[in-house]
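Comments concern the structure below.
No experiment lies behind these values; they were computed from the predicted model shown. So that the names make sense, note that chain A is the first sequence line, chain B the second, and so on, each numbered from 1.
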Number of protein chains: 2
Amino acid sequence: MTRPKSPVRLDWVDPAVCSLDYRLKIVGRLPFFKHLPAEAISKINALFHDRDVHADERIYHEGDDAERLYLVAMGKVKLVRAAASGREVLLDILRGGEYFGALTIFGGRTYAETAIAQTDCCILQISSADFETILSEHPEVARRALEVVSQRLAESQEVVKQLSAYTTEQRIAAALLRLAGKLGETRGEHVLIQLLFSRQDLAAMTGATTETVSRVMSRFAEDKLIKSGRKRVKITDAKRLKKLAEKGAVN
Amino acid sequence: MTRPKSPVRLDWVDPAVCSLDYRLKIVGRLPFFKHLPAEAISKINALFHDRDVHADERIYHEGDDAERLYLVAMGKVKLVRAAASGREVLLDILRGGEYFGALTIFGGRTYAETAIAQTDCCILQISSADFETILSEHPEVARRALEVVSQRLAESQEVVKQLSAYTTEQRIAAALLRLAGKLGETRGEHVLIQLLFSRQDLAAMTGATTETVSRVMSRFAEDKLIKSGRKRVKITDAKRLKKLAEKGAVN
DNA sequence: CGACTTTTTGAGTCTAGTCAAAACATGTGG
DNA sequence: CCACATGTTTTGACTAGACTCAAAAAGTCG
């Protein structure tokens, strides 16, 4: 079994520090707001409250009244839905700058998913009412939000396609590539995924079991597509992995 | 085998007629615009072009340049994505009043899915540029759109959950209930789904094969949950079907 | 070093897929 | 109105991929 002797250093995990100055900077860089003048941003900034959450802490639970919109300032947040069977489905992993929570305010009145901190993180929260005020004062924000949500919808539909039409092996390969695209850090030829995530998490992303994920990943490692250890993965041959994800075979 | 002798009359299928007056009425009732004053609506109406499409005609193809936004005026439109394997995944079936096409303009520059007329229909189309004009002049429209897209995202995520965590039987039951909710017509105790759709379509919605769908539906019919014939389905016991969809068993 | 969690491996089972063919429905033109 | 051509649905036999349960192995941390 190919296993790296020296685990990749993981001290790059974002510290959950969120000073006031820093916050202003972060809000100003958010996709929703970055086009706005500095003055507007500082006014908007005042409407947000920051909050540190520890890894594994639950931010809100599906079914709770959807009263706030959240933005990830630092760290990673995962969105999950629980199935009746007890199985947990991992819908998305968000990094700094992404929103979650009550954009559904308008439509649904409760959260449709559960948000959990995947790492220690700092999040910004705002009441639905205050966010509506921002939308009224800065109509462009709604348009940016529209882009972001549309994008996310397209991604979700891609996952639907994957789950409907591809083998577990392909889905796992695709999930690794997706994570690498979003959270990957290039290291020479390789791409290290900057996130601590277990076989369990990957199983919840791909609709498979931990055992199957483990078996498939061992196979990937044998084929020199990835190197992996406890809670971390490095992609060593993205090209062939991609081919496998799409065509179902390495050749 | 329980099979209805007299197939349900299907002459209720919308005629693809779309007069000018009628169009104004339709545009004014669309979720995007219905809150606007009559004057604004008539101006907006002028920016749309109507187009009749026949059943099975392709409106646009995934990968084409995303240059237009569409609204369904009459009839039903289905959105599909093709997998590399040749398998086709049915993402959604849209009815009158729903949008499709380039809300993704901003993000992606090509359509992520293929749109096909499921029945004869009349659709309204507008260029991205013109729609942007509307957004600028009527900022509320962006907010309505935000609701609509968020809602659709939540639904897509629900499908992801289904595909990840439920059996084919449960997914088929859920798909039938979803269709009934959206396109169903109550007939006494029963709900008739007002749409011609094959086992094939249902398979493409649930990530199953036509054969499996057929077997499962035969079982449903035996258990007196549904009655079905060629391209049509009537739900005769929604309550038990729902229980089955959620818990995996009728009891 | 233990205690704990995560990952791996193994053996047996079952769900849903594949391939092939029959049954059925629907519409057409003779 | 019947016989045929076409598309849809059903059924059957077989297979394989992924799940389950159980237990061992490997990391991690105090």
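Checked by distance alone, B:Arg232 brings no side-chain donor or acceptor within 3.5 Å of a matching partner on the base of D:dT9. Donor-acceptor pairing under 3.5 Å, judged by distance alone, is absent between the side chain of A:Glu211 and the base of D:dC19. A donor N or O paired with an acceptor N or O is found under 3.5 Å between the base of C:dT5 and the side-chain atoms of A:Arg230.
In this model, the phosphate group of C:dT5 is not approached by any side-chain N or O of A:Ser198 to a distance below 4.0 Å at OP1 or OP2. In terms of phosphate contacts, B:Thr209 brings no side-chain nitrogen or oxygen within less than 4.0 Å of OP1 or OP2 of C:dA16. OP1 or OP2 of D:dA18 has not a single side-chain nitrogen or oxygen of A:Thr212 nearer than 4.0 Å. Dashed line: the shortest gap from a side-chain N or O of A:Arg215 to OP1 or OP2 of D:dA18 is not under 4.0 Å. Side-chain nitrogen and oxygen atoms of A:Ser214 include none within less than 4.0 Å of the OP1 or OP2 phosphate oxygen of C:dT9.
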(message) Under the criterion side chain to side chain donor-acceptor pair (under 3.5 Å), I'd like the reasoning laid out for A:Arg199 against A:Ser228: C-alpha separation, chi angles, the key distance, then a yes or no.
(response) CA-CA 10 Å; A:Arg199 302 287 179 272; A:Ser228 80; 3.0 Å; yes

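Stem list for DNA chain D (at least 3 consecutive Watson-Crick or G-U pairs, distances under 3.5 Å): C:1-30 with D:1-30.
Between the CG atom of B:Leu163 and the P atom of C:dA16 there is a distance of 13 Å, rounded to whole Å. The CG atom of B:Asp201 sits 13 Å away from the C1' atom of D:dT9 (whole-angstrom rounding). One atom, CZ of B:Phe197, and another, P of D:dT8, lie 14 Å apart when rounded to the nearest Å. Distance, B:Glu169 CD to C:dG17 C1': 16 Å, rounded to whole Å. Atom CZ of A:Arg87 is separated from atom P of D:dA18 by 13 Å (rounded to the nearest Å). Distance CG (B:Leu196) to P (C:dT26): 11 Å, rounded to an integer number of Å. One can place CD of B:Gln170 at 12 Å from P of C:dT15, the figure rounded to the nearest angstrom. Rounded to whole angstrom, the span from the NZ atom of B:Lys231 across to the P atom of D:dG7 amounts to 11 Å.
With rounding to the nearest 0.5 angstrom, the NZ atom of A:Lys76 is 9.5 Å from the CD atom of A:Glu98.
Side-chain atoms of A:Leu94 and A:Leu79, non-hydrogen and from C-beta on, do get closer than 4.5 Å to each other. Two residues are said to be in side-chain contact when any heavy atoms from C-beta on lie closer than 4.5 Å; A:Val213 and A:Ile172 meet this criterion.
Between the side chains of A:Tyr60 and A:Arg58, no donor N or O sits under 3.5 Å from an acceptor N or O.
Between the B:Ser164 side chain and the A:Val89 main chain, no donor and acceptor come within less than 3.5 Å of each other.
The side-chain contact (heavy atoms from CB on, under 4.5 Å) check on B:Glu246 picks up B:Lys242, with sequence neighbours excluded.
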